[in-house]
2 protein chains.
Amino acid sequence: MITNKAVLKDRLLAKGIKPTYQRTAILGFLLDNRTHPTIKSLHNSLVKTIPTLSKTTLYSTLELFAAKGLVAPLTIDRSEVRYDGLASSHHHFLCERCGRIIDVDVSCANSRRGEIGGHRIKEVHGYFKGICKDCLKQTYKTNKRRIFHG
Amino acid sequence: MITNKAVLKDRLLAKGIKPTYQRTAILGFLLDNRTHPTIKSLHNSLVKTIPTLSKTTLYSTLELFAAKGLVAPLTIDRSEVRYDGLASSHHHFLCERCGRIIDVDVSCANSRRGEIGGHRIKEVHGYFKGICKDCLKQTYKTNKRRIFHG
DNA sequence: GCCTTATTTGTAATCATTACAAATTGGATT
DNA sequence: AATCCAATTTGTAATGATTACAAATAAGGC
Ligand SMILES: [Mn+2]
Ligand SMILES: [Mn+2]
Ligand SMILES: [Zn+2]
Ligand SMILES: [Zn+2]
């Protein structure tokens with residue numbers, strides 16, 4: 001756990017959430033790992049430290065965190081919800097090669113204005129899909145190697 | 001059916017899809033109704049004209065249409081995929097009061113550039129959440145009435 | 001009409017999420 | 001430190017969208 005335990009406790013208490021062992025560990029993992037994990041992968045990771053941890057606890061805890069604005073649920077995957085420890089609005093990039101979901105910094109003029117086409121904006125959700133920087137490099141290397149070796 | 005049957009046939013043939021009765025009806029509905037319906041609501045609507053229509057056909061047909069770029073699946077709802085008869089990239093507005101998903105016209109500088117933070121963009125997905133123009137009007141009326149009647 | 005193949009249909013399996021009740025925990029009170 | 005109480009956690013079962021699959025049906029060429 002990189003994030004200080006006292007910091008986690010304070011963040012939870014600031015939202016009126018009792019800082020239990022499970023909750024602290026879940027929030028800590030999300031702040032340390034900016035991978036936008038699914039419930040399944042969260043469980044796989046956290047069960048190593050908390051062998052009794054149930055998926056039900058993950059579901060209810062993340063629902064609570066989301067309601068309090070501590071985390072943001074992402075609906076990018078068709079099949080599973082992903083959770084983001086960075087709750088402030090930002091955009092994402094889904095790499096169709098490596099599957100990673102990466103934070104991107106986008107300033108959206110429409111969202112700044114607070115309305116679009118007469119509709120009042122409360123939330124902005126955006127993501128791009130394509131090939132990430134690292135996978136592009138990989139392609140380049142692969143091509144070079146292929147060319148080099150014949 | 002507003003959209004001409006011959007037009008539908010041509011659109012399907014242009015993508016190399018055999019224009020069956022079911023496929024023509026499904027595409028026609030999506031072009032006539034820009035409501036971004038779910039499988040369930042598509043079935044409810046279309047079963048009136050095609051009583052034997054199965055949900056399996058809807059799933060497989062829409063998967064085929066999406067693969068050919070005839071329709072766009074939207075992952076805005078957490079629980080159900082919605083389908084858009086307008087396949088060219090555009091943004092949406094989800095009204096948290098009436099639940100409608102409305103097309104909005106947004107020009108995104110990042111998407112025009114084709115890359116963001118070094119990542120190569122292939123698709124752009126964006127939606128806003130808030131209160132739509134019509135529901136805002138409704139709120140106003142309600143407030144006025146309340147003020148007026150004491 | 002008959003044959004072949006694509007499409008459609010019904011049914012069953014899968015899997016994430018939700019519902020729910022029992023077990024456990026942690027803190028307050030005695 | 002034992003007891004009590006409410007909140008939290010846990011395990012299990014239900015739900016519901018999606019997928020898998022095989023049988024029924026339809027369409028097109030002969
Ligand atoms: Mn993020
Ligand atoms: Mn649309
Ligand atoms: Zn990648
Ligand atoms: Zn509305």
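Proteins come first, then strands; the chains are lettered A, B, ... in the order of their sequence lines, and each starts at number 1.
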Next on the checklist: Under a plain distance cut-off of 3.5 Å, with no hydrogens placed, do A:Asp134 and B:His119 share a side-chain donor-acceptor pair?
Outcome noted: no

Item to check | Full working for side chain to side chain contact (heavy atoms under 4.5 Å, CB included) between A:His125 and A:Ile76 | outcome: CA-CA 10 Å; A:His125 298 263; A:Ile76 294 177; over 6 Å; no

Item to check | Between C1' of C:dT8 and CG of B:Leu53, the distance in whole Å | outcome: 9 Å

Checklist outcome for this item: Here the distance between atom C1' of C:dT8 and atom OH of B:Tyr21, to the nearest Å, is 14 Å

Checklist entry - More than 12 foreign heavy atoms under 6.0 Å from CD of B:Glu63: is that the case here? => result no

Next on the checklist: Any side-chain to backbone donor/acceptor pair from B:Thr24 onto B:Thr20? Under 3.5 Å, distance only.
Outcome noted: yes

Next on the checklist: Between A:Arg23 and A:Leu12, is there a side-chain heavy-atom distance shorter than 4.5 Å?
Outcome noted: yes

Item to check | Side-chain donor-acceptor pair present, B:His91, B:Asp103, cut-off under 3.5 Å | outcome: no

Next on the checklist: Under 4.0 Å, heavy atoms only, any strand: does B:Thr20 hit a base, just the sugar-phosphate, or nothing?
Outcome noted: sugar-phosphate

Checklist entry - Base, sugar-phosphate alone, or nothing: which one does A:Thr52 contact when heavy atoms must sit under 4.0 Å apart? => result sugar-phosphate

Item to check | Atom pair CZ (A:Arg11) and OG1 (A:Thr3), whose distance is rounded to the nearest 0.5 Å | outcome: 8.0 Å

Next on the checklist: Need to verify one output field. Residue with the more 5' nearest nucleotide on DNA chain C, A:Lys18 or B:Ser60?
Outcome noted: B:Ser60

Next on the checklist: Between P on C:dA6 and CZ on B:Arg23, what's the gap in Å once rounded to a whole number?
Outcome noted: 11 Å

Next on the checklist: Walk me through whether A:Ile26 and A:Val71 qualify under side chain to side chain contact (heavy atoms under 4.5 Å, CB included).
Outcome noted: CA-CA 11 Å; A:Ile26 294 167; A:Val71 307; over 6 Å; no

Next on the checklist: Need two values: the first and the last nucleotide of DNA chain D, 5' to 3', having an atom under 4.0 Å from any heavy-atom of chain A.
Outcome noted: D:dA7 to D:dT12

Any protein N or O atoms within reach of nucleotides 14-17 of chain C? Criterion: under 3.5 Å, listing atom names and distances.
| from | atom 1 | to | atom 2 | distance (Å) |
| --- | --- | --- | --- | --- |
| C:dA16 | OP1 | A:Lys40 | NZ | 3.4 |
| C:dA16 | O3' | A:Ser79 | O | 3.4 |
| C:dT17 | OP1 | A:Val81 | N | 2.9 |
| C:dT17 | OP2 | A:Tyr59 | OH | 2.7 |
| C:dT17 | O5' | A:Tyr59 | OH | 3.4 |

